[in-house]
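Read the structure below first, then the notes.
In what follows, chains carry the letters A, B, and so on, assigned in the order in which the sequence lines appear, proteins first and then strands, with residues in each chain numbered from 1.
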Protein chains: 2
Amino acid sequence: MTLRKLRAARRNSAVGADDALQSAGSRDERKQRTRRALLDAALELMQGERSFSSVSLREVTRSAGVVPAAFYRHFTGMEELGLALVDDSFKTLRRSMREARAAALPATHLIRRSVETFLGYAQTHRRHFQFIAKERFGGSSVIRFAVRKEVHLFTSELSTDLARFPLAGKISTEDLQMIAGLVVQTVLMATEVFLDMPQNDPEDAAQLYQQTEKQLRLIFIGAQGWRSKGAGRG
Amino acid sequence: MTLRKLRAARRNSAVGADDALQSAGSRDERKQRTRRALLDAALELMQGERSFSSVSLREVTRSAGVVPAAFYRHFTGMEELGLALVDDSFKTLRRSMREARAAALPATHLIRRSVETFLGYAQTHRRHFQFIAKERFGGSSVIRFAVRKEVHLFTSELSTDLARFPLAGKISTEDLQMIAGLVVQTVLMATEVFLDMPQNDPEDAAQLYQQTEKQLRLIFIGAQGWRSKGAGRG
DNA sequence: CTTTATAGTGAACATACGTTCACAGTAAAT
DNA sequence: ATTTACTGTGAACGTATGTTCACTATAAAG
């Protein structure tokens with residue numbers, strides 16, 4: 001009894017100042033807020049060392065400031081949360097991509113600018129990008145395939161983008177997809193290495209920027225020399 | 001007392017037939033045998049769904065047919081076992097690479113043959129290759145960096161290999177490394193996708209073979225058109 | 001043959017886990 | 001104002017985990 005009251009009192013006083021933050025908004029807004037908290041917690045726990053499959057449900061709730069049972073009000077289990085993270089992550093990836101495209105439009109040093117903007121976004125949305133990189137090959141197959149599906153979609157987008165370039169005349173749609181795959185692969189790889197570097201070593205970062213830029217340039221040189229069977233023969 | 005005797009008897013009788021297998025060899029050979037069993041068990045448990053960091057020590061010992069405490073006679077913890085797996089995996093990778101190189105020597109359809117032999121080896125050593133693919137980006141940083149170091153080494157090997165090609169004249173050593181990186185990246189990626197495919201779908205497999213071959217061809221076309229700053233100007 | 005070194009045992013430990021349940025508090029609907 | 005719908009609580013459960021310890025059995029060394 002005394003114990004119960006005491007705990008309740010502690011809770012109230014602890015919340016106290018945050019009250020405006022904690023209990024603001026409609027019921028639905030608050031639900032979304034703890035949902036966010038769960039997603040954020042999961043991402044945060046993965047930082048650096050751990051993979052998604054090694055993060056426990058209880059850890060997530062603990063880190064989100066919620067009791068374990070509350071988890072089930074939002075997800076049926078960790079896998080569903082994982083899929084939600086895939087969604088979120090690719091939303092930011094696509095947003096980054098769009099902005100990188102816009103920034104690169106002047107087309108002088110197009111490749112360099114694209115790499116710079118993209119890796120810049122990767123840095124600001126570090127956790128999302130790292131999540132994608134980690135779960136692309138590791139962990140459960142359902143999450144892995146969800147990631148792969150999104151990467152494929154993303155590749156297709158880039159492929160239609162590439163089709164607008166003048167040199168694309170000799171290249172079949174299928175081969176454009178193949179080339180886009182190479183580009184995406186290269187950039188994603190670079191992104192993961194980049195995010196995994198000791199954060200205050202601009203030396204290595206610059207080297208990676210340069211190498212990635214070169215690799216993309218080489219790919220485009222290759223594309224220029226490419227001639228698909230049966231395409232552009234006329 | 002009776003219980004103890006009974007258990008001992010059961011153990012003896014259960015072993016019975018396998019006696020030659022279980023207890024053959026010197027003390028040291030037997031130790032190596034259970035060490036192998038532990039490594040194998042860990043790889044086996046990772047098959048398909050799980051990442052290394054989600055495999056528990058107890059699972060490994062259980063699956064290896066040994067009591068948990070016995071684990072510590074071989075490794076200080078799971079991380080050490082993980083590093084041993086990195087070692088093993090890259091030994092088979094390098095062996096595969098060497099043989100792929102030998103098989104490709106006739107140099108007609110060099111790329112196609114390399115891809116075929118390499119992916120062939122990947123299939124026979126599925127678990128090692130999958131381990132590498134998974135732990136390259138996921139899991140603990142110490143294992144991740146061990147994998148990355150080996151990949152780097154592997155890339156350097158390929159790079160000196162490429163230097164022997166005639167078209168390498170215009171390319172600086174540094175750029176050769178960059179190109180080798182692109183090649184390795186492409187092949188490893190393809191390998192993981194390949195091993196992750198529903199095993200009895202030769203349709204998709206063929207498509208992947210083709211796409212990978214094309215990507216490598218494009219890279220080599222790019223390399224042909226490449227001219228490093230300050231190299232081959234004379 | 002006797003002694004020594006050591007791979008594997010089995011029990012115990014404290015701790016963490018996922019999931020369940022009845023319940024409390026409170027927006028939203030009536 | 002009363003009822004309903006639902007997010008979050010706290011306790012409990014059975015099970016799994018990593019690590020320790022004294023032990024047994026037996027090759028290898030003396």
Side-chain angles (χ1 to χ4, degrees), chain A residues 1-12 14-15 18-19 21-38 41-42 45 50 52-82 140, chain B residues 1 3-12 14-15 18-19 21-39 41-42 45 50 52-82 140:
Chain A
M1 302 201 178
T2 357
L3 205 117
R4 184 166 283 231
K5 275 190 182 175
L6 206 145
R7 223 179 290 148
R10 177 148 34 93
R11 177 144 37 94
N12 283 341
V15 172
D18 311 304
D19 212 311
L21 283 167
Q22 285 250 1
S23 60
S26 71
R27 204 183 191 67
D28 214 73
E29 283 171 328
R30 300 208 303 191
K31 177 165 187 183
Q32 293 309 312
R33 191 150 41 235
T34 67
R35 193 188 132 98
R36 272 287 134 126
L38 289 169
L45 287 164
R50 333 234 333 241
F52 180 71
S53 59
S54 75
V55 173
S56 75
L57 186 151
R58 280 180 110 103
E59 275 180 304
V60 171
T61 59
R62 203 181 306 136
S63 169
V66 141
V67 94
F71 183 95
Y72 298 101
R73 302 288 184 199
H74 301 272
F75 307 100
T76 63
M78 284 297 282
E79 182 168 286
E80 196 171 289
L81 185 148
S140 90
Chain B
M1 298 202 181
L3 206 117
R4 183 164 285 229
K5 275 189 183 174
L6 207 146
R7 223 180 288 148
R10 177 146 35 91
R11 176 141 39 93
N12 282 341
V15 171
D18 311 305
D19 213 311
L21 282 167
Q22 284 250 359
S23 59
S26 72
R27 203 184 192 69
D28 213 72
E29 284 172 328
R30 299 208 303 192
K31 176 164 188 183
Q32 292 310 313
R33 190 150 42 235
T34 69
R35 193 188 132 99
R36 271 288 133 120
L38 289 169
L39 291 166
L45 286 164
R50 335 234 331 238
F52 179 73
S53 59
S54 75
V55 173
S56 75
L57 185 150
R58 280 182 110 103
E59 275 180 304
V60 172
T61 59
R62 205 179 304 136
S63 168
V66 143
V67 94
F71 183 94
Y72 297 101
R73 303 286 183 200
H74 301 272
F75 307 101
T76 64
M78 283 297 282
E79 183 168 287
E80 197 171 288
L81 185 148
S140 89

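Rounded to the nearest 0.5 Å, atoms CG (B:L57) and CZ (B:R62) are 10.0 Å apart.
The backbone N or O of B:S26 lies less than 3.5 Å from a partner atom in the side chain of B:E29, making a donor-acceptor pair.
As a whole-Å value, the separation of A:D28 CG from D:dC6 P is 11 Å. As a whole-Å value, the separation of B:R35 CZ from C:dG8 P is 12 Å. In this structure, A:F71 atom CZ and D:dT9 atom C1' are separated by 17 Å, rounded to whole Å. When the P atom of D:dG8 is taken as reference, atom CZ of A:F75 falls 11 Å away, rounded to whole Å. The distance from atom CZ of A:R27 to atom P of D:dT4 is 15 Å, rounded to the nearest whole Å.
Toward the 5′ end of DNA chain D lies the nearest nucleotide of A:K31, the other residue of the pair A:K31 and B:S26 mapping further downstream.
For B:T34, no side-chain nitrogen or oxygen approaches OP1 or OP2 of C:dA7 to under 4.0 Å.
Looking at heavy-atom distances under 4.0 Å, B:V67 makes contact with a base.
Counting all heavy atoms, side chain and backbone alike, A:S54 lies closest to A:E59 at O-OE1, 4.0 Å.
Between the side chain of A:R30 and the base of D:dT7 there is no donor-acceptor pair of N/O atoms closer than 3.5 Å.
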Can you give the donor-acceptor pairs under 3.5 Å from side chains of residues 66-74 of chain A to other protein atoms, not counting sequence neighbours?
from: A:H74; atom 1: NE2; to: A:T34; atom 2: OG1; distance (Å): 3.0

Pair B:L81, B:F52 - check side chain to side chain contact (heavy atoms under 4.5 Å, CB included), show working.
CA-CA 10 Å; B:L81 185 148; B:F52 179 73; 3.8 Å; yes
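Residues passing the side chain to side chain contact (heavy atoms under 4.5 Å, CB included) test with B:A64 are B:A37, B:L38, B:A41, sequence neighbours excluded.
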How does protein reach along nucleotides 12-22 of chain C, written 5' to 3' as B (base within reach of a heavy atom under 4.0 Å), S (only sugar-phosphate), or - (no contact)?
B----BBBBB-
